[in-house]
Structures are given as structure tokens and as C-alpha cells.
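Shown next, in C-alpha cells, is the structure this report addresses.
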Amino acid sequence: MDDKTGSGDVEIREGAESRTRGAREGILQAAVELIARDGFDGVRLADIAGRAGVSNALVHYHFDSRERLLTDALAYSLTREEARLERRTRQSHRDRPAERLADLIDFGLPLTHDDVLECRLWAELKIRSTGSAEMSSKLAEFRGRLLDPLASVVDAGLRTGDFSGCDPADVATVAMALLEGLTHRLITETGGLTLSDARRLAARQLALAVGYAGDLPFRPLPDPGPQSIDLQAPRPRRRRAPRPSSRP
């Protein structure tokens, strides 16, 4: 085979793969935004295709069911958040257990607009997991991705002596329940609990749970980011087809 021909084939293949990944990510981002705004039952695959600027056929090519699209959209959002947390932690050299616990509290609260979108997807998945073994399994998988880092940082704090008198798995379970409850209030209530209040309450309870005497060292709250969609927008009404006239 000619070297130039081989190189050209590789470039064409890589370009096609890149476009495919880009199209899939565009579909997932559109799904995140529309499901968060209109609810899972209020969104059609055609709506997502239109927002992503792709054909209906391409959406069906990547996702064989609406349920698969929901779980993949949440996985996509969660993976982005995990990568963002890892970058922030690495860049600021926050490796002490108390710092890592503070960062994980922030990870579990809706600090940014994207966080709010993800929380609404979580709510949709929880509702549907009770009637679907597949979706229940995905929910458990996602919860594990959140529980493991919490248990790991508590275990690290016990080994360094920063934390004491606690069980890592128990603390992780309680922490997740606490953060989910606070998050639910933050995204469903207006004019009540503030983000600063939620962070303070979570920090106080989890510091007690792990036997940490000081205040957890939080970073400044981040910029919430642009409001790319109106989360309070009314759900669009489906237009009914006109009834055929009974007149001759």
C-alpha cells in the first residue's frame, strides 16, 4: 500500500469518527437541556434532533430507545462534571482530606447552571427507575460513581488522622442523602434555602460525621455560568391535528 494512500485513509477515518462523536455529543447536550426544561415525557426525539441540528434518523442511530437516551444524557453530564472537578482539584493542588471533602460537597450541590440541568435529569431517572430494571441498574451505577469518592476521602482522612470515629461507607451514604435533599430544595423552592445555606449545613453535619474539629476549607463559589435555556419556560403544548369537517 502506498504510504500517502494509507495516511489519507487514516485521516478520513479519524475525521469521520470525530464528526460522529461531535454529533453524538450535540444530541446528548440537546437532550440534557430539553429534558431538564420540559421533563422526559414532554420531549420527543424529533425535538432533540431539531435542537441538535441533526436528522431524526441520526438520533435513532445513536440511541435505540428514549430510556437509553435519558441514561446516556445523564452519564454524559456526570462525566463532564467529574472531569471538571478533577481539573479544578489538580490545578489548585487540593489533596488534603478536608479540602477534598469540601470539594465533594460542592460537587454534590447545584453550583452552576449545568449542575441544575443534571439534577433535573437525576429526578427523571429516579422516577422511572421504579418500573424498569435497566434504569434502576443505571441509577445504582451512577450513585456508585458518587459514593466511591466520598468513601475514599473519608478513608484517607482516617489514615492521616484528620478524621476519626466513623465508617467511610456509612458517611458516604449519609452525605449523599443529605446533599440530594438539599439539592432538591434548592431547585424546587424559590426564596427559601440559599446555596450558601446548603453548603454551610452540609459542611457542619459532615464535619461532625467524620470527627473534623475545624471548618471545612471551601473555595469561593464559582460563576454559575450562562443561562443557556430558560428553565422556568412553560412546557410547549402539543398541537392537535384539526378534526375533519362533518359538512359535505
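All values below come from the heavy atoms of this structure, side chains included, with hydrogens, waters and symmetry mates left out.
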Exercise. Do Trp122 and His184 pass the side chain to side chain contact (heavy atoms under 4.5 Å, CB included) test, and can you show the C-alpha distance, the side-chain angles, and the key distance before you say yes or no?
Worked result: CA-CA 10 Å; Trp122 272 100; His184 180 74; over 6 Å; no

Kindly indicate whether the side chain of [X], heavy atoms from C-beta on, has any atom under 4.5 Å from the side chain of [Y].
{"X": "Leu70", "Y": "Met135", "value": "yes"}
{"X": "Leu74", "Y": "Leu139", "value": "no"}
{"X": "Phe107", "Y": "Glu82", "value": "yes"}
{"X": "Arg120", "Y": "Ile35", "value": "no"}
{"X": "Cys166", "Y": "Leu158", "value": "yes"}
{"X": "Leu109", "Y": "Ile105", "value": "yes"}
{"X": "Leu45", "Y": "Asn56", "value": "no"}
{"X": "Leu58", "Y": "Tyr61", "value": "yes"}

Would you say [X] and [Y] are hydrophobically clustered, going by side-chain heavy atoms of ILVMFWY under 4.5 Å?
{"X": "Phe218", "Y": "Leu104", "result": "yes"}
{"X": "Val154", "Y": "Val174", "result": "no"}
{"X": "Leu101", "Y": "Met176", "result": "yes"}
{"X": "Leu221", "Y": "Leu216", "result": "yes"}

Taking all heavy atoms of [X] and all of [Y], pick out the closest pair and write down the distance.
{"X": "Leu179", "Y": "Ala202", "answer": "CD2-CB, 4.0 Å"}
{"X": "Ser129", "Y": "Ser136", "answer": "O-CB, 3.4 Å"}
{"X": "Thr183", "Y": "Gly108", "answer": "OG1-O, 3.1 Å"}
{"X": "Cys119", "Y": "Ile187", "answer": "CB-CD1, 3.9 Å"}
{"X": "Val171", "Y": "Ala209", "answer": "CG2-O, 4.1 Å"}
{"X": "Ala52", "Y": "Gly26", "answer": "CB-O, 3.7 Å"}

Exercise. Salt bridge between Arg128 and Glu124, side-chain N to carboxylate O under 4.0 Å?
Worked result: yes

For this session: Evaluate side chain to side chain contact (heavy atoms under 4.5 Å, CB included) for Glu134 paired with Thr71, printing each intermediate quantity in order.
Result: CA-CA 10 Å; Glu134 179 181 355; Thr71 56; 5.7 Å; no

Salt bridge (charged side-chain N to carboxylate O under 4.0 Å, His left out) with [X]: which residues, sequence neighbours excluded?
{"X": "Asp197", "result": "Arg200"}
{"X": "Arg80", "result": "none"}
{"X": "Asp103", "result": "Arg94, Arg219"}
{"X": "Glu118", "result": "none"}

Side chain to side chain contact (heavy atoms under 4.5 Å, CB included) against [X], all qualifying residues, sequence neighbours excluded:
{"X": "Ser164", "value": "none"}
{"X": "Leu201", "value": "Leu182, Leu193"}
{"X": "Arg100", "value": "Ser152, Val153, Ala156"}
{"X": "Ser137", "value": "none"}

For this session: May I ask you to check whether Gln29 and Glu25 show a side-chain donor-acceptor distance below 3.5 Å?
Result: no

For this session: Go through the steps to decide whether Arg96 and Thr160 satisfy the test side chain to side chain donor-acceptor pair (under 3.5 Å), and finish with yes or no.
Result: CA-CA 9 Å; Arg96 292 192 299 119; Thr160 60; over 6 Å; no

Problem set entry | side chain to side chain donor-acceptor pair (under 3.5 Å) partners for Glu141, two or more places apart | Lys138

Name all pairs fulfilling the salt bridge (Lys or Arg N to Asp or Glu O under 4.0 Å) condition that reach into [range], sequence neighbours left out, sorted by first residue then second.
{"range": "residues 184-195", "value": "Arg185-Glu189"}
{"range": "residues 56-70", "value": "Arg68-Asp72"}
{"range": "residues 158-179", "value": "Asp155-Arg159"}

[atom1]-[atom2] distance between [X] and [Y], expressed to the nearest 0.5 angstrom:
{"X": "Thr79", "Y": "Arg145", "atom1": "OG1", "atom2": "CZ", "value": "4.0 Å"}
{"X": "Glu81", "Y": "Asp115", "atom1": "CD", "atom2": "CG", "value": "4.5 Å"}
{"X": "Arg84", "Y": "Thr112", "atom1": "CZ", "atom2": "OG1", "value": "6.0 Å"}
{"X": "Leu125", "Y": "Leu121", "atom1": "CG", "atom2": "CG", "value": "8.0 Å"}

Exercise. Does the pair Leu78 and Leu146 meet the rule for a side chain to side chain contact (heavy atoms under 4.5 Å, CB included), with working shown?
Worked result: CA-CA 9 Å; Leu78 180 57; Leu146 300 179; 3.9 Å; yes

